[in-house]
Amino acid sequence: MIKKRIISPLQNFIKTESASGILLLAATLLALIWANSPFKDSYNALWEYKIGFKSEHLELYKPLILWINDGLMAVFFFLIGLEIKREFLIGELNTTKKLAFPLFGALGGMLFPILFFFFLNKSADTAHGWGVPMATDIAFSLAVLNTLGKRVPLSLKVFLTAFAIVDDIGAVLVIALFYSSSIDITLISIAIALLAFLYFIAHRGFYSKYVTFLFGAVIWVLFLKSGIHPTVAGILMAFAVPIRQKVHTPEFIANLSKIMDNIKKAKVAPKPILSKEQVAEIDNLDHWIEDYQSPLQLLEHKLHDLVAYAIIPIFALANAGVLIDGDAHLDTALIINIALCLVLGNSIGITTIITTVKKLKIIEVPKDINSRHIVGVSFLAGIGFTMAIFIASLAFAKSPEFLGSAKIGVLLGSLVSAIIGYLILRYNKSESDTNEDDQNKKEELSTN
């Protein structure tokens with residue numbers, strides 16, 4: 001029962017991320033085709049179309065692409081925050097031993113691409129893009145991993161998921177510290193005070209989704225106007241959502257049985273409506289269900305499909321449309337730099353760090369994960385689509401030629417990383433496969 005409670009949500013998460021990876025790929029291809037078709041002007045015009053409102057005291061009037069990158073992506077980061085909190089409290093990152101394996105992998109996957117970038121970069125104009133190749137796209141990477149089916153162990157998928165979550169923490173810190181504009185101390189102080197109030201009342205046992213939403217909207221605007229990228233507000237808001245249950249399973253089951261008995265005994269109305277007694281019991285059931293569900297788990301469950309099947313594909317459609325033709329002003333050096341950082345930086349960094357700390361016995365790698373699994377998944381970590389393009393849009397917001405080049409570098413590096421990682425894992429023989437082959441050979445010899 002315990003195994004089912006732990007593994008089933010993880011498997012459902014992986015399936016969702018895998019399916020969203022396919023949709024993400026479709027949105028990316030559509031964006032590239034649209035941006036390079038005879039209708040390319042409509043593509044650019046759509047995302048540059050301004051919507052919002054203006055008043056004497058507040059103006060929120062932005063191009064559609066900024067509503068997506070600043071607004072919808074804040075929801076994406078909010079979901080990441082929920083996942084991080086869950087993993088740290090009760091999941092794969094809740095002990096030092098569990099955290100060590102993906103933590104060291106993530107460090108290698110962040111530091112080495114950055115070092116590679118600075119080593120390869122020769123222009124001061126593009127130096128600000130060092131953060132682009134450091135983040136892994138969990139949707140795409142898990143989608144590739146899931147195409148391999150039983151050829152890869154579940155523990156490797158757990159590692160990649162936990163690794164990507166740690167990686168996202170690093171990316172958020174980088175965005176907050178290095179890719180935010182000049183900060184308005186007064187506005188950010190107000191936002192922090194509101195966050196502190198939410199944390200306090202959550203700690204004291206009070207939680208309301210309506211209060212959280214209202215405060216979240218205000219805090220998002222404050223972050224936006226203060227100069228810190230508003231997606232950071234999304235991840236900080238997630239930590240105000242409690243993970244605890246007010247009612248535990250035995251008490252819920254007992255009351256559920258009482259409610260069922262009362263509904264059976266209640267008067268049944270002749271018309272297709274509930275009787276007063278039945279309505280009262282349904283209201284009672286709603287109350288117990290609300291107290292039984294963890295607010296964090298419920299929000300995470302509700303947001304997963306929205307993010308996976310709507311927000312991320314919309315982000316890809318709006319951001320992946322790069323004009324590729326002979327007349328386009330592209331920086332070839334930047335394209336090659338980012339592609340190499342994604343492919344080599346992640347693979348060399350993760351493999352080197354994991355191998356080193358394993359030999360030093362600082363971490364313990366699951367027995368069903370071999371060295372080729374590590375190498376293969378380190379290449380998959382070079383699939384940096386969503387977060388990489390997002391950071392590129394911040395780094396080169398005022399340099400369209402560099403932004404287009406960075407996006408092409410991300411797409412190229414991610415594609416090469418996916419192919420190499422897939423091939424390594426596809427033709428990797430795990431210990432179970434080897435044992436199975438040995439057993440088959442023994443059976444053949446005994447038969448002969």
Notebook entry, point to check: Does H128 have its ring centroid less than 6.0 Å away from the ring centroid of Y179?
Noted result: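 Yes, they do, as the ring centres are separated by less than 6.0 Å.
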Show me, pair by pair, the donor-acceptor contacts under 3.5 angstrom made by side chains of residues 380-391, not counting sequence neighbours?
residue : atom : partner : partner atom : Å
T386    : OG1  : D137    : OD2          : 2.3

If you define the side chain from C-beta out and look only at heavy atoms, does anything of [X] sit under 4.5 Å from [Y]?
X    : Y    : answer
E48  : I65  : yes
L340 : F117 : no
D331 : F396 : no
L224 : L60  : yes
I369 : F101 : yes

Taking the side chain from [X] and the backbone from [Y], do they hold a donor-acceptor pair closer than 3.5 Å?
X    : Y    : value
W220 : D70  : yes
S417 : S414 : no
K122 : A333 : no
Y43  : G321 : yes
D368 : P153 : no
S226 : D184 : no

Which atom pairs, one a donor and one an acceptor, fall under 3.5 Å between side chains of residues 342-351 and the rest of the protein, sequence neighbours left out?
residue : atom : partner : partner atom : Å
N346    : ND2  : L342    : O            : 3.1
S347    : OG   : V343    : O            : 2.7
S347    : OG   : L344    : O            : 3.2
T351    : OG1  : S347    : O            : 2.7
T351    : OG1  : S378    : OG           : 3.2

With K246, which residues qualify under side-chain contact (heavy atoms from CB on, under 4.5 Å), at least two apart?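 Listed in chain order: D291.
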As an exercise, state the distance from [atom1] of [X] to [atom2] of [Y], rounded to the nearest 0.5 Å.
X    : Y    : atom1 : atom2 : value
S141 : Y422 : OG    : OH    : 15.5 Å
Q297 : I243 : CD    : CD1   : 8.0 Å
L306 : L79  : CG    : CG    : 9.0 Å

With ring-ring contact (aromatic ring centres under 6.0 Å, His included) as the criterion, how do F215 and F197 come out once you've worked through the C-alpha distance, each side chain's angles and the decisive distance to 0.1 Å? CA-CA 10 Å; F215 271 67; F197 176 74; 5.7 Å; yes
Q: Would you please test L99 and V166 for side chain to side chain contact (heavy atoms under 4.5 Å, CB included) and show each step?
A: CA-CA 9 Å; L99 177 61; V166 175; 4.2 Å; yes
For this session: Check the angle between the aromatic planes of F252 and Y292 and answer parallel, tilted or perpendicular using the 30° and 60° thresholds.
Result: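 Taking Y292 first and then F252, their aromatic rings lie parallel (interplane angle under 30°).
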